[in-house]
Amino acid sequence: MKAIMSVGALIGVVGLLLLVGMILDIVPSNTVRLVEGYMPVQMLLELALFVAGFAGLSYMMTAMGMTFPRFWQGILFWAFILLYLKFRVYPPIPFSVRAMYGTVSLVAVFMWVSANEEDWKKFKQPIMNILDAQTGMNKLLRYAYLIVLPILIGGFSYNAMVPKSEEPIELRTVHPAPPASTKVHGKTYTLQTSQNPYRVNPEGKYDQEYTNANIVEQGMGRLMKPNANPWDKDAQGYLKYVREGGEIFFQNCHFCHGDNLNGRGLHAFAFNPIPANFTDPGTIAQLQETFIFWRVSKGGIGLPNEGFPWASVMPPWEQHLTVDEIWKVILFEYWHTGYYPRTWD
Amino acid sequence: MGLVAGKKLFSIMALGAMIGLLLLPIAVSLPSLAIGADAPDAVKKEGEAKVEKGRDVYYKTEGIVVGAPAPKTTDGPRDYPRYNFESRVLLWFANQQHLYYGSFVLAVPIFCMVIEFMGVVTKDKAMAKRYDQLAYDFIKISLTAYSLTAILGGILIFTFLTLYPAFFGYLSSIFRPVMHIYALMFVAESGTLYIYYYGWDKMKEGFLKWIHLSMSVILNVIGTLLMFLANSWIGFMMSPAGVDEQGRYLGNIWHVIHTALWNPLNVHRILGNMAFGGGVVAAYAAYKFLASKTDEDRAHYDWMGYIAMALGVAFLIPLPFAGYWLMREVYAYRQQMGITLMGGLLAWLFIIQATMIGILFLSTNYYLWQALGRMRGAEKYQRYIKYLVFLLVCGFLVFITPHTIVMTPAELKAMGGQQHPVLGNYGVMSAKNGGINVIITTTVLSFVWYMRGNKVSTVSWSKFGNIFMGVFFGCAYLNIIWLAIYGYYIPANVRVGLSVPQVATTLSCLFFMFALNGVMMKGAKQMGPIEWGKISARSQYALIMLATAFTWMMGLMGYIRSSVRLFWHVNEIMRDNSPWAYTHTVGFAANMISFNVLFFWVSILFVFWLGSLGIKKAPVEAKAGVPGGAPQPAGGH
């Protein structure tokens, strides 16, 4: 047990020193990098390691007769979580999400320190000591709190009420609900049932399984399937359409959506928000092909009322591309990112 | 002997009468169904030329038009008469209060049935008496609430008739026979409930007890059918069937009832009602516990709170899975409806919902950890609670991460785009499935710890059993988390299917681990009795939090389900042309839900108070040997 806890303590100390070092720029900030694509799991693993580390540290300190008060354990652990979210995770997490995470962490700390009577008593003790004010120091602290707390609360209230000229927060609806049908170049497409006419097998029939088997194995075109190279001049059928879609994409779309389809094209940073990142699992990966068809055809100007704050400058591509070209470019986007369009069956 | 035989005869007659009452609505409804079927024949006799056929909007079958088209309403006193107030809000309030009480009075008899059955089959006579008393306490609470439910139902109908006459007229023209059956079944429900309650003392032993128990089964069958019928109306409003594009009824009442969302709604609502009912009774017990002045009372209400919480949570655990099924059916029915709910206009309400679900599970776990404190020997588990907190909170954080983030344009720019490399991944369903399954599995683990808190297994293979359980839980966590990650590498429709093995893993933990734990703890050495009543006050606040979160979430989900129709009274059939055919802001909706929750809790406190008036007399009666005396707490769980 002691050996396990010692390892935990070591991890805790090293992790903490690294984190503080990176925050204070003593240690290069990329010493332990959060790698794009693995960040979500990496973040949870890091937190798990820190918890194990702190538990080990607490155990070791107690074993050495240097018990760290439970009250300060709770407070400091919560402060650690807030600092981790603020300084460790990059790009920065918006305040609204950090506030949610911070509140949940506070509840978690409360659940931990009050899970049993003994711990709860230990946690409350410093508060009770100050309220009881049996010693001179505690008496002094009680008076200090009596003065400081109302000032702090007043300050927070003032800060909340004072008129500000900050940008208002926006609750952007990224994927507004599409209409039941859309009319493009004079033809009506029912979004629930329409299919991409170029998502076909060698027999020329609509076949999602066949086409799914021919996309790149990983996003951003890193691993192409053997014998499934759209740029092979002999490629036919689906792969040929992917190539044609790619040509259309690089002639029209990549200026904004980027040559890796990650929304970081040449012109991307002229806009806020930058164009959609197709490699993110929250965009085309969770939408039906017909949804993309509707959005590409109608552009930002065609967003429905629900699509507040309509922050999209994408042109209505039906004015520049044919229906076939739109379907082909969508085919390419799925092929290149390695995602499959959503279906319901 | 003769008296007993007479009682038996009377009981059998009473049971027969109840079954008759149950069948009566069906018998009465037959002519109305027959009229529905005859009507086309009558039309036929007048001449084939007058027969008009329509195509069912959902089933795509052809049928003969027997109803009028859905009215095209206009904003004015004819279709939308009003007070100087938003009619929709008035209806919202009336509907929500009726639903709260309706859910409560449908759920409590199911608990009574289960607890009474446990009392009947328990061999320990003292325990049997305690269970019986508990079931009686439960039904007593629900009886006053039952009257209030009926009153609120009346208010709801009057609100519909006076503020939305055109819509209600159309709905009742479609559901005419169903509404009659509903009303008659309500009569049957009332009759059965009153006989069940007032016959408790008379039918407390032997064969008569079984008759009494059978009555609770009948009561619950009627209650459940009542709910199914009411669900058919909201199912029709969301996903109409049995009518043509103009909303004309095509003569097939089953199509109108059996819409695309009817069954998922039925399952979801049964589970939801049970969880809610458990929560409310647990809150009642917590309130009584906190107000108790004697150790005896505290022990009783501690036990009552535990039983109610356990029953409520038993139905809470499968509730998210039923919710997933409902959402899947919504997506299958209309893609845009699903996107409006989960990715579009109402997406933030779902984040609030996820938060409430998380609070429910956190409260349950916290209660169980507190409950370990009343058992000697449970200390060995308490030191590991911090790791359970970590698991729960990680699952919770992922589960509540929004896909659509609230931020300023500056934050959006700093983030480098709408999608965040961490939050973007947590914000989609694959991660959320993992999150909620981790939360539920951890809750199961807490339950297992609780059940073995004061016991030490004496079976020869206990060491192996403990290792097996540990490995099983470890593998379950790994499987759930792995599937959540794997979900990013496969098509979305297959990803949705991944929830099946995740759920199967969670349920395996629930059933196998509970069963194995039960076997291991059979004849276990007790480190000490459960000291009922010796539990922290914090645990009782956790129960109150549990009930409040249930109530709030019910209000929220009802609002989401209703507002997903956007500007339709009946989706794509009858348009809402009132001035209130817009979606409220999230803030307004949250305030309105909070008001409804507050009103419900204030009014149910009144119900509790009424119940306590009867209980005050109990000790006197108990001394006289009348059933209903203060029960003793159970020694086991």
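Since the model is a prediction, treat every value here as computed from it, not as a measurement. Side-chain atoms are counted along with the backbone in the values below, which use heavy atoms only and exclude waters and symmetry mates.
The contact between A/Pro178 and chain B is made by backbone and side chain atoms together, counting heavy-atom distances below 4.5 Å. There is no contact between A/Phe271 and chain B, counting heavy-atom distances below 4.5 Å. With a threshold of 4.5 angstrom between heavy atoms, A/Ile93 approaches chain B through its backbone and through its side chain. Interface residue A/Pro179: only backbone heavy atoms are found under 4.5 Å from chain B. Neither the backbone nor the side chain of A/Ala311 comes within contact range of chain B; no heavy atom of the residue lies under 4.5 Å from a heavy atom of that chain. Contact of A/Tyr101 with chain B is made through backbone and side chain together, with heavy-atom distances under 4.5 Å. Proximity to chain B (any heavy atom under 4.5 Å) is shown, for A/Asn272, by both the backbone and the side chain. With a 4.5 Å cut-off on non-hydrogen atoms, A/Val107 touches chain B through its side chain but not through its backbone.
Ranking A/Thr290, A/Asp280, A/Asn305 against chain B, the residue ahead of the rest is A/Asp280, based on heavy-atom pairs under 4.5 Å. Comparing A/Ala268, A/Ala55, A/Pro275, A/Ser96 by how many heavy-atom pairs each has under 4.5 Å with chain B, the most go to A/Ser96.
In this structure the side chain of B/Gln370 reaches within 4.5 angstrom of the side chain of B/Tyr366, judged on heavy atoms. At a threshold of 4.5 Å between non-hydrogen side-chain atoms, the residues A/Pro92 and B/Met415 do not count as touching.
A pairwise comparison of heavy atoms in A/Trp120 and B/Arg538 identifies CD1-NH1, 2.8 Å as the closest pair.
Ion pairing between a basic and an acidic side chain is recognised when a charged N comes within 4.0 Å of a carboxylate O; A/Arg70 and A/Asp119 show such pairing. Ion pairing between a basic and an acidic side chain is recognised when a charged N comes within 4.0 Å of a carboxylate O; B/Lys534 and B/Asp302 show no such pairing.
For the pair A/Arg342 and B/Tyr331, the cation sits on the ring face: its NZ or CZ lies under 6.0 Å from the ring centre, inside 45° of the axis.
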